[in-house]
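Everything quoted here is computed from the prediction, not taken from an experiment.
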Amino acid sequence: VNAARVGLLAGFAVTVPVAVWMLGTAAGDPWASGFAKGGVRALFVVTAIVASAVLPICALRLAGRALAVATACLLLVPLPLIVLLWLAGAAEVMVLVAGFGVLALYSLVILLISKATGRAMADSFARALTLAALQVGGAVAVFVSRHVWLGWLGL
Amino acid sequence: MILGSSPADGGDPAPPVDVSFQPALLGHVRTGALAEVGVRLVSRRDGTVRIDGAGTGGRSSTSVTLRAGEARSVWLPYRVDLTERLVFRVWFENAVVQEHELRSVHPAKSGAPLIVAASARATDLTPTSRFGGIQAARIGTESLPRTLQGYDPVSQLILDVSVFTRLDGPQLSSLEAFIADCGRLSIADLPKRAKPKIRKIAGCGGAFVTFISRQEAADETMAAVSFPENPPLPSAGDLLALVPRDANDRSLLQVSLFLGAYVLLLLIAALAGRPIPAMLLPVGAAVVAIAVWTGRAPGVTAVLWLESQPGQLQARFAAVAAVDGQGPDKAVISLPADARLDPTISDAWNERFVDGMDNVSASLTIPTRLLSRTTVRLTGTVSMIPPVSVSATDDGLSIRASGPTGTPPGYVVWRGQTFGLPGIEPGATWVPKDGGVSRMPPELRRLIGAPARATTILKGVSPPQSPIGGAGNTHTWFVIRNSDPAERRP
């Protein structure tokens, strides 16, 4: 598995739909009033969902520096879009930095749980089931609770 | 009449600036409309006083240059929002020297007209007076507004001829602007010789000015005088439809190209699978985005719509400035001090400056962002004589360039037909020819309607002092209506 490729493609899966949504909303809104804040909210939620889905697998297959590269790529790929949304007035820099920090922290937690699960379970079937539960559970949790944690960030 | 003031705090027994407030029209206002308050300032030191407008959170302010011991009076417009306290904050040398709450306001009942009767005769202002009809708010000359905004709440103004000798300069100018802006005015006992002057400045062909006797002015049915519906000026959307606005589309295209290129590079980097370039690519793209889209001046497109009649000295106008942001920056638009701004912009700064010579200037500062769009609409009047004289009779139509310069091309609507009007040299005359029928753009046709008589539309004729400044591109339409200004529009 190529760590950089995995990270870039995961970041790609985050960035492309949000970018398309952002451009479509900006083009269709004659006053361009709500796309920036909506875009940054969508970007953070989609990044958290994709991280929930991808990072447990990465944790299983990659280790050390490779795992760090994959995680960094996933989190860095949306950065230009975040910058564009900041230029469009989505939020203050500190709010976006805090949001980025929350995503990094969440990714670290996912990785740690996945690694711990991998070590604790010798049975590969049980391990796969647990990681699948972690993937689905994490994605659903970040989506359902998005108003709460985005609210903490002031978004 | 000074309604009093209160010091900001009790610590300084002699504040550096004495300030007193006096609302125009004796405080008669209409919720949601503009109103005017007069402010008298006397400073103990030279300096500049800033007065923050009521209910604006400091986003609307007036700065006045003061000299020690010299009394100055300024007149501030404010929008009447009675859900909040009307508090004006006066700043001097970076400190609040006074907060004044305007309590003496009398809002008109919702939906009811505000009829104001002004007279310089003391007997017209007594409680038993019938001047202006029983519904009228009776005021003395000194309470007449000194800005066009001050007339905003007035549904109908009834003037006794006695006021004309008592009006000061600002009152006379603002009254002229009110008349030119198709304000509803009845003048009692105006001498016959003065009527042509009023007609010459009256907007909408004088359809909203009546000359009455004092007997009629005291009639209880005065309030029932029915004027035609005031012809509205075009909306912001209607005006913007007249011009192409590509600044924002261009920004959107640039952002799309940037993101497209970024996605392509991501795919290439993913194929290569090298970690260092993979991590540097997003960081580099973010740096490029910041470099490209910071410090880019916004695109400001202005549309100016002027309406007048042949021979009229002032034109009504509606102007729109569309500010297309291309990054974090700001646009500064200059506007007439007495322009009425539509209350739609929440994050703009409206500043007025009164210099030592009583010259008032105003500007609007609008913060911009990447792909942001802000539209400002203002209305008012401007001194401008139509550059053409139009003669439209049952026999025919002729248009003569009456100004010192030639006229640009335009259109003429006459007897239900539209003709393309070529540019006319000074002093030359144009008459429609058979087969010269032209088509008007539908956006313009919508605004012109179907006039019963001749209407001339000139594109690109600007008044000597443009009501809107700071725009990169100003598109101007000047409409000269020979027809009844009150006729129905689509």
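- Ranked by heavy-atom pairs under 4.5 Å with chain A, the list B/Pro275, B/Gly273, B/Ser256, B/Pro328 is led by B/Gly273.
- For the atom pair CD (B/Glu443) and CG (B/Leu240), the distance works out to 12.0 Å, reported to the nearest 0.5 Å.
- Note: A/Leu84 leads A/Leu9, A/Leu84, A/Leu79 in heavy-atom pairs under 4.5 Å with chain B.
- Both the backbone and the side chain of A/Val77 come within less than 4.5 Å of a heavy atom in chain B.
- B/Arg79 and B/Gln149 share no side-chain donor-acceptor pair at under 3.5 Å.
- Scanning both residues, A/Ile110 and A/Ala51, for their nearest heavy atoms gives CG2-O, 4.3 Å.
- Side-chain contact, A/Ser52 with A/Tyr106: a donor N or O sits under 3.5 Å from an acceptor N or O.
- In this structure, the portion of B/Leu267 lying under 4.5 Å from any heavy atom of chain A is its side chain and not its backbone.
- Ranked by heavy-atom pairs under 4.5 Å with chain A, the list B/Pro367, B/Pro277, B/Gly327, B/Ala286 is led by B/Ala286.
- Between chain A and the residues B/Ala289, B/Pro282, B/Gly284, B/Ala285, the most heavy-atom pairs under 4.5 angstrom are made by B/Pro282.
- Contacts between B/Leu266 and chain A at a heavy-atom distance below 4.5 Å involve backbone atoms as well as side-chain atoms.
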request  = Begin with the C-alpha distance, continue with both residues' side-chain angles, and end with the deciding distance and a verdict on ring pair (Phe, Tyr, Trp, His ring centres under 6.0 Å) for B/Phe258 and B/Trp293.
outcome  = CA-CA 11 Å; B/Phe258 171 80; B/Trp293 281 290; 5.4 Å; yes
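- Side-chain atoms of B/Arg50 and B/Ser63 form no donor-acceptor pair, as typed in the model, at a separation below 3.5 Å.
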